[in-house]
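Sequence lines set the chain letters: A, B, ... in the order given, protein chains first and strands last, and positions in each chain run from 1.
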Amino acid sequence: MSATRIHSKPKSWLWGTLTSIRLTVFLLLILAAVAVIGTVVPQNQPPNQYFSRFGEVWGELLWRGGFTRVYFSPWFLGPISLLAANILACVIHGLPQAVKRTLQPLTVSAALTLPERGRIIWPAGIDPQPLIAATLKRELGHCRQETLPDQEIYLLERGRCRPVGPYLIHVALLLILAGGLIGKFGGVDGQLAIDQGEVAGAFQVAPRVEKPLNFQVRLDKFQVSYYEPGGSPKEFRSDLTFMQDGREVSRATCRVNEPVSFGGLTFYQSSYGAQATGPVRLQVQKGGLNQTVEVAYRRPVDLAGGEGKVWLMQVDGNHQGYGPAVLIASQAGADHPMAFWIFQNLPGLAKSPYHPGLVKQPGVYSFTVESIPFGYYSVFQVKHDPGVGWVYAGFLLLLPGLYLAFFRPVERWALVLAKTPQGTWQGRLLGASPRHREEFAARQERLLTELKRGTQS
Amino acid sequence: MISQVLGAVMLIYLLVAILFLMAELWSSARLQGLGRIVLWLGLGLHTGALTGRWWKSYHLALGHSPTAALAGKLQIMIIQAPLSNFYESLIFFSWCLPALGLLAFRRYFKGYLGAMVALLSTLLLAYASFGVDSQIKPLMPALKSNWLLIHVVTAFLGYAAFALAFGTAILYLFQERRPRPSLPPLPLLDSLIYRTTVLGFLMLTLGIATGAVWAETAWGRYWSWDPKETWSLITWFIYAALLHARHLKGWHGRRIAWLAVLGFMAVLFTYLGVSFLLTGLHSYLT
Ligand code: HEM
């Protein structure tokens, strides 16, 4: 006997800790603190960012301590696993009892222990039973009636399922956490950048790591449109063709908020850009001198007159909604290079007083664009996450759980009707509600007034 | 026009607060009744202004992408709900306060409690009208989703319910320190804190879940540990802790009131602090 006790002691300590709400609160506090760190320290930046921002010592500490990827570090994964164990233990500990309570209807003996809420005595000669049945039915719905040798008992209960509510919530949380894990270990997540017209057969799952697709995808066309020139973007749209062994299988349009699925993977429009596909031709003017130059990325070209050089930094197929434009850098002598945009369709913009800043052309030369050969590329998030279904199932299960836990009033009532020695009927109203005291009190008052109405005639 | 109406609504709520306070000081049932009527008037105008703005942005959007089909129009109607920038969120937040207050407080929506709600709403409207860009701008692609409506509505109903819990908790703490017969009794305040917190918890849960579903369709990631998401989770933890403390540890009264205050600080940080101090997907202020 003593052997079993020794054996069971450490286990019950562990179990007691695992099922304790104190552990829950402790873990929630730690998780909150770690999450605060995660929102204050920018996440997933390259290391030099931290050194320049937080200094050598702190930068090193944050980087080495895992605080720069805190949601994937032991600081977070440890407590969250413990929380999962905590919730699971609570479910195992309490669910069977909650289910049992839900399945067990209110018994007469249990009803008789409810606190008394009022007494009604009907005058001689009146049978109150029809009134009672009608009143209770109107106020509380269906009731059960039990007949004992010398008394009639009406039993009513609402919200018997309430005890399972919190457990539905906790099971839902476990489903969500499980979904996260399943997605992390059983899913794929990567990026795909394709040029317009290009066919891709692989996507990137990590820096310099590619994963083959078991089909091919072609970007037929990428378009960006604006509400108005100079306004905000209206739509990014990629027209895709999916191919199997070089044969077209299906076409689809991918937009933000409208992902496209094929072959078990889902493609989400994530970003885009444009690239020069050949040299950009510029017209350069200085005084009466006219010159055409071809510029390429990062390759400075000397300008006639020798007072400067230019090179190409970026092209954009529809810059701010004003059509094709190039970002040009120019350098005069030993000065710092200056960068500015030139719009192909708006050559006058450079001289317009309304657009200073990025379109203002420095130096003695003035530039206009002759041609911009360019092609768009589009970047997609590519993903397969088998955990999403679990997470959504958890979300759905939260709804009945929250309803039962918080919005289903729990009330138990009993009306015990007995004959007094004088031959009249006497009723005792018993009832209780662990929560919702206010509603309970209001109902009690209504019930008593209604029932007493029969005593006045 | 709409901003003038909202200015009037702000003054009306201020008047409601004054009427409720005077009614309490002079124990006048007539002033209470008047306060109620003026409150309903303000709420009606406020609803009208929201609808007007909805109508206006619907027509602007229709101008950008004309459609004759009913389904297309309905689609535009849904995504153009006036909930897409900071100004509109403030206007909706300040609408939720009296609306939810009437629902949660019912006949106790009067006196100090009523004045508290009306004042909170006045403050939000004042902030919206003096400090925030109120222009209607076309939606950026990421916001064009049916989930926008349900996500923002649930989130702000949650914020508003927590604001009511906060205001009630402040009244509780005052009443406890210096009892006054004109303030509602402590057990009533306690149960109202609980009722509003439960309402807020439900709404915040729905807000987080719908946001996750939306993020999954927009970016393929239902959770990205963006600062706003993270802070909403922290807020959710705090209220979960409050509910556990109340139901399992039997906490009542002062300690619950302090937790409601703490929770609302987290709400404010989620709503404002994240946008002003941190950056991420939700920084719609810029
Ligand atoms: C983030 C984690 C958790 C959340 C969001 C959560 C949420 C909830 C909610 C909403 C309720 C219903 C409200 C109530 O009746 O008080 C509840 C009740 C409860 N929770 Fe949790 N819970 C969490 C973790 C836990 C854990 C780890 C335990 C185990 C120690 C636990 C034990 C309980 C119990 C025993 C109840 C009360 C059941 C009853 O009222 O009959 N919870 N929880």
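Rounding to the nearest 0.5 Å places CG of B:L206 at 6.0 Å from CG of A:L399. If you take CZ on B:F237 and OG1 on A:T24, they are separated by 11.0 Å, rounding to the nearest 0.5 Å. Interatomic distance, CD1 of B:I238 versus CG of A:L29, reported as 8.5 Å (0.5 Å rounding). Atom CZ in B:R221 sits 10.5 Å away from atom OH in A:Y268 (nearest 0.5 Å). Note: B:I208 CD1 to A:F395 CZ = 8.5 Å, rounded to the nearest 0.5 Å. Rounding to the nearest 0.5 Å gives a distance of 4.5 Å between OG of B:S65 and NZ of A:K234.
When the shell of 6.0 Å around CH2 of B:W214 is examined, it contains more than 12 heavy atoms from other residues, nucleotides or ligands. The number of heavy atoms from other shown groups lying within 6.0 Å of CD (A:E439) is above 12. The number of heavy atoms from other shown groups lying within 6.0 Å of CH2 (B:W258) does not exceed 12. Residue A:Q45 qualifies as enclosed at atom CD: its count of foreign heavy atoms under 6.0 Å is above 12. Enclosure of atom OH in A:Y392 by more than 12 non-hydrogen atoms of other residues, nucleotides or ligands within 6.0 angstrom is indicated. Counting non-hydrogen atoms of other residues, nucleotides and ligands closer than 6.0 Å to NE2 of B:H64 gives a total above 12. For B:R254, the CZ atom is loosely surrounded, since the number of other residues' heavy atoms within 6.0 Å does not exceed 12.
Using a 4.5 Å cut-off between heavy atoms, B:K249 contacts chain A through its side chain alone, with no backbone atom that close. Residue contact with chain B, scored on non-hydrogen atoms closer than 4.5 Å, involves the side chain of A:V391 exclusively. With a 4.5 angstrom heavy-atom cutoff, A:F380 does not touch chain B via any of its atoms. Using a 4.5 Å cut-off between heavy atoms, B:T205 touches chain A through its side chain atoms alone. Of the two parts of A:Y226, neither the backbone nor the side chain holds a non-hydrogen atom closer than 4.5 Å to a non-hydrogen atom of chain B. Within the 4.5 angstrom heavy-atom criterion, no atom of A:Y403 approaches chain B.
Contact count versus chain A (heavy atoms, under 4.5 Å) is highest, among B:S191, B:S145, B:A215, B:A241, for B:S145. With respect to chain A, the highest number of heavy-atom pairs below 4.5 Å among B:A218, B:G220, B:A212 belongs to B:G220. The candidate from A:V70, A:L398, A:V388 with the greatest count of non-hydrogen atom pairs under 4.5 Å with chain B is A:V388.
The minimum heavy-atom distance linking B:P141 with A:P233 is given by the pair CD-O, 3.4 Å. Heavy-atom minimum distance, A:A35 versus B:I234: CB-CD1, 3.8 Å. A pairwise comparison of heavy atoms in A:N257 and B:A142 identifies ND2-O, 2.7 Å as the closest pair.
The aromatic rings of B:W225 and A:F76 sit perpendicular to each other, their planes meeting at more than 60°, with 30° as the lower class boundary. Ring planes of B:H247 and A:F406: tilted class, angle from 30 to 60°.
Between B:K144 and A:E258 there is no salt bridge, since none of the side-chain N atoms of the basic residue sits less than 4.0 Å from a carboxylate O of the acidic one.
Side-chain N or O atoms of A:Y227 include one that pairs as donor or acceptor with a backbone N or O of B:L139 at under 3.5 Å.
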